[in-house]
Amino acid sequence: MHDLAVIGGGVHGSTVALFAARGGMKVTLIERGPLCREASGVNAGTLTMQMTRVALIPYALRAHAMWASAREWLGHDVGVVVCDGLSLAFTEQEEELLSFRAGKRREAGAPIELISGARALEVEPGVSDKVRVAGYCKVDGYANAYLTGLAFRRALIEAGVDLKENTPASGITREDGGFAVQTAQGVVRAKRIVLAGGVWIEPMMAWLGIRLPIKTLINQLVVTERVRPVMRTVVGIANGLLSLKQYPHGTVVIGGGWQGLGDRERGGVELLPDRIVGNVRLACHAIPDLKAARVARAWAGLEAETADALPAAGPIPGIPDAYVCGSVHSGYTSGPYIARLLADRILGREPALPLFPIDRLLAPRDVSEARND
C-alpha cells in the first residue's frame, strides 16, 4: 500500500510526486507513456509573465524562481535560460491592448514596464523597427521541454518514487483505507490519489463519478533549422498569438497557440498549413532576420483549459484523500509551483498561497453524487 498514487507524469504530476516523496511519503507515479512526453514534452518551454493570467502572476513569479534554480531543487539541468522578454505592439489597437494587460499584470506584481519602439531595439537589436511600444520584463526565459522529462525521471528515482511508465490507468475504485487504481500491469493501491493527467483529467474524474469539463487545445508549433543568432530575448505580441525564442544551439521555436486539428483521444492529428504560414509570417514580422531561416519541422501539442481558464488544483470535493492538479494556463511557467503547493497540502502543511479548488467548476449534484457514491 502506497501513501500516495499520482496518475499522470507530466510536469504537474512529477512535481507533486517528487515533493511528496521528499516529504517522507511512499509514492508511486503512474504514466501511460514515457515521463513528460505528452503535453509537457511538446510545448515551447516558455517561462513568461507576459502570457500568464493575472490571477496566476504571484504563482508564476515563484515558479520562475524555481525554474531558474532547477539544478538545485531538481538536481539536474533542464536547459533553463533566464533572459529579457518583450511583448510587441505594432498597431494602435495592439498598443491599447498591451497597455491594459501590462498594467493589470504589473498590479499583480509582474515587473513589466512599457517602453518605446526605439528602446525595444536597444533591448533586442533583432526586433522590427516598426514596433510602436513594447512590454518589457526581465523575469522571462525558457526551458528545454525534452530535458525536463529526463531530469524529473532521474530525480524521482533518486527520491525513491515507484515509477510506472508505459502503464496506462483505466479506472479507480474506492475501498477501505484508500483507492485501487486499475492499470495495464495490475491493481495499484494507495491511501491517497492525485489526478494529474492534463487534458485527460476529464475522463479521469469520470472514474470517480464527477463531471469536470476540460477543453483540449491543439497548439501548433514550428522549429527552424539552426541559424546564426538573430535574437537574444523571448518575444511575443500583444494579442498573444506569438511566442518566439532562439535556443543556444541556433534553432528558433515559433508558437503562439495557433490551432491544429485533433482531440485528447488522438492527440494532434493534422496541422493546418495556412495557420503555420500565418504564425511564421508573424514571427518574421517581429524578427525580420528570420526570413532567411528554413522550417525544419512542425508539430501539435495539447493544452488543457478549464471553463474559467484557471487551474484545477486542490482536493476533489466529496472524496476524502483525492486531489486534482492540472489545467494551468501557461502551465509550463506556473505548474511546478502550484504542484508544490498541492504537495504541501497533502503532507499536512499550510500552502504558502491558496490552491484552486474545483468546487467552482462543478454542478452541486456532481459533488453530492460523488459524496454518496
message: Regarding Asn219 and Gln259, do their side chains bring together a donor and an acceptor under 3.5 Å, going by distance alone?
response: yes
message: Please report the interatomic distance CD1(Ile193) to CZ(Phe179), rounded to the nearest 0.5 Å.
response: 4.5 Å
task: Without swapping roles, check the side chain of Glu124 against the backbone of Ala120 for a donor-acceptor pair under 3.5 Å.
output: no
- prompt: With side chains defined as the heavy atoms from C-beta onward, is the minimum distance between Pro203 and Arg264 less than 4.5 Å?
  reply: yes
message: Closer than 3.5 angstrom, by distance alone: can the side chain of Trp73 be matched with the main-chain N or O of Met66 as a donor-acceptor pair?
response: yes
message: If we ignore hydrogens and angles and just use 3.5 Å, is the side chain of Thr52 paired with the main-chain N or O of Leu56 as donor and acceptor?
response: no
- prompt: Between Ile201 and Ala196, which heavy-atom pair has the shortest distance, and what is it?
  reply: CG1-C, 4.4 Å
message: Can you give me the closest heavy-atom contact between Trp67 and Thr333, atom names plus distance?
response: NE1-O, 3.3 Å
message: Quick check: do Val227 and Gln246 have side-chain heavy atoms less than 4.5 Å from each other?
response: yes
task: Please confirm whether Arg32 makes a cation-pi placement over Trp200, using NZ or CZ under 6.0 Å from the six-membered ring centre and within 45° of the ring normal.
output: yes
statement: Here the pair of heavy atoms bringing Val222 nearest to Trp299 is C-CZ3, 4.3 Å
query: Just wondering, do Lys245 and Ser243 contact through their side chains at under 4.5 Å, heavy atoms?
result: yes
Donor-acceptor contact below 3.5 Å, side chain Ser116 vs main chain Arg119: yes
message: Please determine whether a side-chain nitrogen of the Lys or Arg among Arg211 and Glu202 lies less than 4.0 Å from a carboxylate oxygen of the Asp or Glu.
response: no
message: Grouping I, L, V, M, F, W and Y whenever their side-chain heavy atoms are under 4.5 Å apart, do Leu74 and Ile157 come out in a common cluster?
response: yes
task: Kindly say whether Asn166 contributes a backbone atom to a donor-acceptor pair with the side chain of Glu31 at under 3.5 angstrom?
output: no
Side-chain donor/acceptor of Arg101 to backbone N/O of Ala238, under 3.5 Å: yes
message: I need the full list of salt bridge (charged side-chain N to carboxylate O under 4.0 Å, His left out) pairs touching residues 328-353, with sequence neighbours left out, sorted by first then second residue.
response: Asp344-Arg349
- request: Examine Leu98 and Val234 and state if one hydrophobic cluster contains both, with Ile, Leu, Val, Met, Phe, Trp and Tyr joined whenever side-chain heavy atoms are less than 4.5 Å apart.
  value: no
field: Side-chain heavy atoms of Leu362 within contact of Ile210, under 4.5 Å
entry: yes
- line: So the salt bridge (charged side-chain N to carboxylate O under 4.0 Å, His left out) pairs with at least one residue in residues 307-317 (sequence neighbours excluded) are Asp308-Arg360
task: Could you tell me whether a side-chain N or O of Gln50 sits under 3.5 Å from a main-chain N or O of Gly135, the two making a donor and an acceptor?
output: yes
- prompt: Is Asp84 paired with Arg232 through a side-chain N to carboxylate O contact shorter than 4.0 Å?
  reply: no
query: If you round to the nearest 0.5 Å, how far is CD of Gln220 from CG of Leu261?
result: 8.0 Å
message: Looking at every non-hydrogen atom in both residues, tell me the closest pair between Ala286 and Val235 and how far apart they are.
response: CB-CG1, 4.3 Å
message: Between Asp140 and Thr48, do the side chains contain a donor N or O and an acceptor N or O under 3.5 Å apart?
response: yes
query: Can Lys164 and Asp162 be counted as an ion pair, charged N to O under 4.0 angstrom?
result: yes
- prompt: Is the shortest heavy-atom distance from the side chain of Arg189 to the side chain of Glu175 under 4.5 Å?
  reply: yes
task: Would you mind reporting whether Ile254 and Val252 have side-chain heavy atoms less than 4.5 Å apart?
output: yes
message: Counting C-beta onward and ignoring hydrogens, is there a side-chain heavy-atom pair between Leu347 and Phe19 closer than 4.5 Å?
response: no
- request: Identify whether the distance between the nearest side-chain nitrogen and carboxylate oxygen of Arg153 and Glu165 falls below 4.0 Å.
  value: yes
- prompt: Which pair of heavy atoms, one from Asp359 and one from Pro317, lies closest together, and at what distance?
  reply: OD2-CB, 3.6 Å
- request: Mark yes or no for whether Ser69, through its side chain, and Ala65, through its backbone, hold a donor-acceptor pair below 3.5 Å.
  value: yes
Nearest atoms (heavy-atom pairs only) where Val80 meets Ala143: CG2-CB, 3.9 Å
query: Looking at the rings of Tyr142 and Tyr247, which for Trp means the six-membered one, are their centres under 6.0 Å apart?
result: yes
Distance-only donor-acceptor check, side chains Gln185 and Thr167, under 3.5 Å: yes
- request: For the residue pair Ser128 and Pro288, establish whether any side-chain heavy-atom pair is separated by less than 4.5 Å.
  value: yes
task: Look at the side chain of Arg226 and the backbone N and O of Thr251, then say whether any donor-acceptor pair between them is shorter than 3.5 Å.
output: no
task: Indicate whether any N or O donor in one side chain lies under 3.5 Å from an N or O acceptor in the other, for Tyr332 and Thr148.
output: yes
query: How about His12 and Ser14: does a side-chain donor come under 3.5 Å of a side-chain acceptor?
result: no
query: Can Val253 be reached from Val230 by stepping across I, L, V, M, F, W or Y side chains whose heavy atoms are under 4.5 Å apart?
result: no
- prompt: Given the rule in the salt bridge (Lys or Arg N to Asp or Glu O under 4.0 Å) test, do Asp3 and Lys191 qualify, once you have shown the distances and angles that lead to the verdict?
  reply: CA-CA 5 Å; Asp3 295 317; Lys191 298 175 184 176; 3.6 Å; yes
message: Treating Thr233 as the side-chain partner and Val123 as the backbone partner, does any N or O pair qualify as donor plus acceptor under 3.5 Å?
response: no
